[in-house]
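Chain letters run A, B, ... following the sequence lines, proteins first and then strands; every chain starts at 1.
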2 protein chains.
Amino acid sequence: MSAYYSEHARFLVSVDCIIFGFKDGRLQLLIGKRQMDPGRGAWSLYGGFVKADEDIDTTAKRTLTSLTGLSKVFMRQVGAFGAVDRDPGERVISVAYYALINVADYDDRLREKYGLQWFDMDALPPLYSDHKEMIGMALTRLRRQVAAGPAGLRLLPDLFTLTQLQRLYEAVFGKEMDKRNFRKRIQAADFIEKTALIDKSGSKRGAALYRFNKNFVQDYPDIKQ
Amino acid sequence: MSAYYSEHARFLVSVDCIIFGFKDGRLQLLIGKRQMDPGRGAWSLYGGFVKADEDIDTTAKRTLTSLTGLSKVFMRQVGAFGAVDRDPGERVISVAYYALINVADYDDRLREKYGLQWFDMDALPPLYSDHKEMIGMALTRLRRQVAAGPAGLRLLPDLFTLTQLQRLYEAVFGKEMDKRNFRKRIQAADFIEKTALIDKSGSKRGAALYRFNKNFVQDYPDIKQ
DNA sequence: CCAAAAGTGTTTGCCTTACACCCATGC
DNA sequence: GCATGGGTGTAAGGCAAACACTTTTGG
């Protein structure tokens, strides 16, 4: 092993996961009570330490997979949090990621096993360390991402009705939307396609089911080069 | 010193600064040749290691100040870069920040002393490690920030003409803009105010000088709570 | 007097918003 | 037959884009 930069300080680096789900028409967050000192028993994001030979993105995925059993989850970095005293125990630099999961894919027994709980985004308990700040930034990113493209669909099952989708958008942006305008907007978006299937569970008449259009190719208009 | 988490790996953490300037009507970047191995002589962002008792934000400011002599510089975090092999020397996790400086405030002798050079954003040389990726992301953030508010003014002197400002916006967004529409937009923005001063250097007729309106209060419409 | 940059309004199309009623079905 | 959620169109206002000429003055 080389030691080019050996005279400098070294730090514990962790990942904290902001796990968004959509349940009961509301945007929810999966958090748990800390199992270790300091702060044992405080509500906290789920996190894990970066391993010596592991990309930080990989740490995030590993942490999430170990927790939920899900792989191929949509995750995006929120940023690095590096105040000296952010963790009351020892200095830890943390990189926050947010994840979007479809709660139906998530085994509730795993949730219980890890002592995790879904909380409504606007009824969060006090949180450990700077986790509240991380969540605030993650929500901003989530909104931008959902406004810009199909990311929001990750929070729904593969097949969904337009009413479900509208409830999701309303939950993400925290405001009610007009049904007709919403449907016009969705029909204009090329990332959602109608199927021939009908969902009869939500209403007597039945509602058309839609899904993500796999032919959709994202273009990133503002990333140059 | 406590050791709550002592069994985990520890990492070198550095900061890399993406320093934007506006010179000769173009968006430019301040970079230098690496002075150390590995990669000695390669073009590189300027960076520094995080110290044991230092917030990462502070590392970024310290690094920038030591380089430019400027304090109170506008800086924003871009994100953490944590691939295992991103640095060919030893594993280093780096947090990228971008900074906006007014080149007129910057002592050119300091630039020479550190062997730094301004490069046009669309004529960058090959860069060390993942620095090109950092720059791409920083540019995306910069555009968002400038589109949303007064951040772009940090790249100009305190007093500026509308033509200068338009050239700046054109450089940031990489496209030409219509003069009349641009001026309408600026006159509608409440963060810029006209002064009674006239700049005679750029034209025979003279152009009105504008400045940042210090009464402007930023509101962040989409950051909840 | 002319070159060179400063300054100034109107029209058009598009996209967003507001708004109310009929449809299909299970019970 | 009625309660329940599903589904549809149009008009108005606001915003962004296109577009060309007059003004001032140093040389």
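- Whole-Å rounding puts the B/Asn181 CG to C/dG13 C1' distance at 14 Å.
- Counting atom types as modelled, A/Lys184 pairs no side-chain N or O with a base atom of D/dT8 as donor and acceptor under 3.5 Å.
- Screening A/Val73, A/Ile19, A/Leu155 for a side chain to side chain contact (heavy atoms under 4.5 Å, CB included) with A/Leu100, the sole residue that qualifies is A/Leu155.
- The interatomic distance linking A/Phe182 (CZ) with D/dG6 (C1') rounds to 14 Å, in whole Å.
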List, with names and distances, any nitrogen or oxygen atoms from the protein found under 3.5 Å away from nitrogen or oxygen atoms belonging to nucleotides 21-25 of chain D.
from	atom 1	to	atom 2	distance (Å)
D/dT23	O2	B/Arg205	NH1	2.4

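- With B/Tyr98 as the aromatic partner, B/Arg76 does not meet the cation-pi criteria of under 6.0 angstrom to the ring centre and within 45 degrees of the ring axis.
- D/dG6 atom C1' lies 16 Å from atom CZ of A/Phe160, rounded to whole Å.
- The pair A/Arg26-A/Asp24 does not meet the salt-bridge criterion, since no charged nitrogen lies less than 4.0 angstrom from a carboxylate oxygen.
- Under the 4.0 Å criterion applied to side-chain N and carboxylate O atoms, B/Arg211 and B/Glu193 are assigned as salt-bridge partners.
- Residue order along DNA chain D, read from the 5' end via each residue's closest nucleotide, puts A/Gly202 first among B/Lys175 and A/Gly202.
- Residue A/Ile198 contributes atom CD1, which lies 16 Å from atom C1' of C/dG26 at whole-angstrom precision.
- Regarding A/Asp178, its CG atom lies at a distance of 16 Å from the P atom of D/dA11, rounded to whole Å.
- Nucleotides of DNA chain C nearest to B/Gln164 and A/Arg185 differ in position, and the one nearer the 5' end is that of B/Gln164.
- A salt bridge between B/Arg62 and B/Glu54 is present, with a side-chain N of the basic residue lying under 4.0 Å from a carboxylate O of the acidic one.
- In this structure, B/Arg180 atom CZ and D/dC19 atom P are separated by 10 Å, rounded to whole Å.
- Relative orientation of the A/Tyr210 and A/Phe160 rings is parallel, given thresholds of 30° and 60° on the angle between their planes.
- Atom C1' of nucleotide C/dC23 and atom CZ of A/Arg183 are separated by 13 Å, given to the nearest angstrom.
- Residue A/Thr163 places at least one side-chain N or O closer than 4.0 Å to OP1 or OP2 of D/dG6.
- B/Gln117 contributes no side-chain N or O that, together with a main-chain N or O of B/Leu30, makes up a donor-acceptor pair within less than 3.5 Å.
- Protein atom CG of A/Asp199 is 18 Å distant from nucleotide atom P of C/dA24, rounded to whole Å.
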